[in-house]
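Quick notes on the structure that follows.
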Protein chains: 2
Amino acid sequence: MASVTIREVADLAGVSIKTVSRILNDEPYVTEITRKKVNDAIQQLGYVASMPARRLASGQSYTIGLIFHNASWHYIQDVQMNVMETANKYGYSVLLHPCDITNQNHAHEIMNMVHQKQVDGFIFTPPSDNASELIQKLKVMQFPFVRLTPMDRESQLPFVTATDYQGALDMTKYLIELGHKRIAYVIGPQEQRAAHDRFAGYKDALLSAGYLFDPETMIQGDDHFESGYAASMSLISLDDRPTAIFCNNDEMAAGAMSAVFETGMNVPKDISIAGFDNIPLSKQVWPPLTTVDQPIAKIAKKATKHLVALLRGEELECLHCEIPTRLVIRKSTAQNFH
Amino acid sequence: MASVTIREVADLAGVSIKTVSRILNDEPYVTEITRKKVNDAIQQLGYVASMPARRLASGQSYTIGLIFHNASWHYIQDVQMNVMETANKYGYSVLLHPCDITNQNHAHEIMNMVHQKQVDGFIFTPPSDNASELIQKLKVMQFPFVRLTPMDRESQLPFVTATDYQGALDMTKYLIELGHKRIAYVIGPQEQRAAHDRFAGYKDALLSAGYLFDPETMIQGDDHFESGYAASMSLISLDDRPTAIFCNNDEMAAGAMSAVFETGMNVPKDISIAGFDNIPLSKQVWPPLTTVDQPIAKIAKKATKHLVALLRGEELECLHCEIPTRLVIRKSTAQNFH
DNA sequence: CTGAAAGCGCTTACAG
DNA sequence: CTGAAAGCGCTTACAG
């Protein structure tokens, strides 16, 4: 188990350890001949460089910290997989850090990761920026980070997001085209920027169609299934029942559907239901959900590329990126005949 | 950003760096007085030990490698969260490594993690052990690892699993009690140990009730929604249609339900559907699925504890652990009146 | 109970 | 194009 070191490779190849190091790091100014000698020695000894040694000597961790909040499981996982894939491609590892912004230790734990030299930069998922003292601190230190769909849009800080406003606008217009006049809305958590943008898109679509926005048909949700179920139940019991319910996310939309079936009614015949996100669940319920695709994979990949660019001191393509959403029409919505 | 080192703490406290190191590592034989002096200095300077330095000097990575395969997303995430939580509690980080056993580089990548000194041990999710040369290699090196539900049950290697056989037995008996005589089965991937155990439980329950096992009602699935949908469609079209379909997992069961609804029939009135795992999806479809709870969180936590015990040279509670499953009766199954 | 020395395995900065 | 020296910030092994 005593693994082979750069020293042994150097001895076998008959060069200095510095030369071996040059080859490991793809530095220029090495003759083909010595390069071959060293590579042969590496091959022969099965040498692999020690990461801890590398990190200590270079002062870099070659690691990205991904700070995620207890939001939707699928969102987190999709972000995670794509951040990892992209980071690995650029030679970076990913250190996951689950957290809870209501926790007093939140900022402290993150600063510890910095001081322990565990990470070179961060990617924050929403609602990351409500801990804004932390964000300001990192900014002042010039410690690199990229945020996903942050609440504030301070111009100097990079972020990546989706066209949430446009997505909700598209969906609402589509429902209006189907003849729905009373379209209820289940709004998402107030600490999420996306919840505000989506709601604004919904509201603007209503207004531009000349409809009134009725606060009675707007219900606060928390993005979980049960919350969509409860919202739907109370909307169903209204005297002037809505003919469509648009939810801030798919999970609540699935809950809303269950409530409709529970009361003996049918989706989409009696009530149309629409979600947002296009997570796998949206295809696994019956009828499959009409929704808006949130390009999580693209967002995560772009954010990672941007962080890597920052770490390398390169220029960003765009400081603030918006990735387009897309209307996905399935079977939970139908023409309104009421 | 030039962070404070152990040297500065030692100077401020008026002791040697070795003494500071002692306090950082909770070693005995330090007077209360010097302990206080050092802690005050740490506090005052805001000192946090550098992990790369610690790892290099100690030869330990304080990191657990979690090797996961592209199985069900929920399974992976549930395992991941619980491994991370438990590992962190014991002072370990987690390095995630997604992989594909069909990839030629699989074993090589994992051995690289070892040689790079990135991890002190591994946790493998199924179907990890089909790459058995790798497992044998690690075993010979005495590199610590714990497997989740491995295919082989070699007696010297630790693993943690669920009572899959018993769970499927319980579910099948329950369906028989409901009066179902023709119970179809959608089996899981052959490379998964759990798929075999669950199928065996189903078959034994049938046989012990004096029923014949009809190969026509057994369909090979791949654990994904679409596969359950397709299996269900072909079972529905049988002349002698089954009155119940038991699937190897919840995702396929959700697919099976969608197929029933698609053909204009009803669950559970026309056909009962049962799943396995008790993932969130099972409560988010309508009607909610009758299923068997697979205690993933407990399995992941126990596996992590065991790996930590191995790393510390401690005794394991049990070399092979079986965590009990539990029948969860919801609304996708009903009495058979056909 | 405390410390001086050596070393973990690399990279950085500087020579030549 | 190549190398000798110093150092990254800790821990280990050994003295006292």
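The chains referred to below are lettered A, B, ... by the order of the sequence lines, with proteins before strands, and numbering in each begins at 1. Since we're looking at a predicted model, the values are computed, not measured.
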Quiz prompt | Sequence-distant partners of A/Lys139, salt bridge (charged side-chain N to carboxylate O under 4.0 Å, His left out), two or more places apart | solution = A/Glu154
Exercise. Grab the CG-P distance between A/Asn25 and D/dT2 for me, whole Å please.
Key: 15 Å
Quiz item: What residues form a side chain to side chain donor-acceptor pair (under 3.5 Å) with B/Tyr62, not counting sequence neighbours?
Solution: B/Ser58
Quiz prompt | Between B/Gln80 and A/Gln77: side-chain donor-acceptor atoms closer than 3.5 Å | solution = no
Practice problem: For B/Arg7, enumerate each residue passing the side chain to side chain donor-acceptor pair (under 3.5 Å) test, keeping only those at least two apart in sequence or located in another chain. | Solution: B/Asp11
Quiz item: Does A/Thr31 put a side-chain nitrogen or oxygen below 4.0 Å from OP1 or OP2 of D/dT2?
Solution: yes
Self-check item: Between P of C/dC1 and CD1 of B/Ile23, the distance in whole Å
Solution: 12 Å
Exercise. Please examine the side chains of A/Ile23 and A/Asn39, heavy atoms only from C-beta on, and report whether any two atoms are closer than 4.5 Å.
Key: yes
Under 3.5 Å, side-chain donor or acceptor atoms of residues 297-319 of chain B against the rest of the protein: list the pairs with distances, not counting sequence neighbours.
from, atom 1, to, atom 2, distance (Å)
B/Lys302, NZ, B/Glu317, OE1, 3.3
B/Thr304, OG1, B/Ala300, O, 2.7

Exercise. Please list, chain by chain and in numerical order, all residues satisfying side chain to side chain donor-acceptor pair (under 3.5 Å) with B/Gln118, sequence neighbours excluded.
Key: A/Arg55
Quiz item: Could you state the OH-P distance from B/Tyr29 to D/dT12, rounded to the nearest angstrom?
Solution: 16 Å
Quiz item: Rounded to whole angstroms, how far apart are CD on A/Glu27 and C1' on C/dT11?
Solution: 9 Å
Quiz item: Does the side chain of B/Thr5 get closer than 4.0 angstrom to OP1 or OP2 of D/dC8 through an N or O atom?
Solution: no
Quiz item: Could you write out DNA chain C as a dot-bracket string, with dots for unpaired bases, | for bases paired across to another strand, and Watson-Crick or G-U pairs counted at under 3.5 Å?
Solution: |||.||||||||.|||
Quiz prompt | Any residue meeting side chain to side chain donor-acceptor pair (under 3.5 Å) with B/Asp40, in chain and number order, not counting sequence neighbours | solution = B/Lys36
Self-check item: For atom OH of B/Tyr62 and atom P of D/dG9, their distance in whole Å
Solution: 17 Å
Quiz item: Who pairs with B/Thr34 by side-chain contact (heavy atoms from CB on, under 4.5 Å), at least two apart in sequence or on another chain?
Solution: B/Val30, B/Thr31, B/Lys37
Quiz item: Going by heavy atoms closer than 4.0 Å, what residues in residues 45-52 of chain A are next to DNA chain D?
Solution: none
Quiz item: Separation of A/Leu56 atom CG from C/dC8 atom P, in whole Å?
Solution: 13 Å
Quiz prompt | Distance, rounded to the nearest Å, where A/Lys117 contributes NZ and C/dC10 contributes P | solution = 20 Å
Quiz item: What residues form a side-chain contact (heavy atoms from CB on, under 4.5 Å) with A/Asp26, not counting sequence neighbours?
Solution: none
Practice problem: Tell me whether the OP1 or OP2 atom of D/dC10 has a side-chain N or O from B/Ser21 closer than 4.0 Å. | Solution: no
Practice problem: Let me know the distance between CG of B/Leu24 and P of D/dC10, rounded to the nearest Å. | Solution: 8 Å
Report, one pair per line, the protein and nucleotides 3-7 of chain C atoms (nitrogen or oxygen only) whose separation is under 3.5 Å.
from, atom 1, to, atom 2, distance (Å)
C/dG3, OP2, B/Ser16, N, 3.1
C/dG3, OP2, B/Ser16, OG, 3.2
C/dG3, OP2, B/Thr19, OG1, 2.6
C/dG3, N7, B/Arg22, NH1, 3.3
C/dG3, O6, B/Arg22, NH2, 2.8

Quiz item: OP1 or OP2 of D/dT2 sitting under 4.0 Å from any side-chain N/O of A/Thr34?
Solution: yes
Donor-acceptor pairs under 3.5 angstrom involving side-chain atoms of residues 47-54 of chain B: please list them, not counting sequence neighbours.
from, atom 1, to, atom 2, distance (Å)
B/Ser50, OG, B/Ala53, N, 3.3
B/Arg54, NH2, B/Asn25, OD1, 3.1

Quiz item: Under a 4.5 Å cut-off applied to non-hydrogen side-chain atoms, are A/His74 and B/Trp73 in contact?
Solution: yes
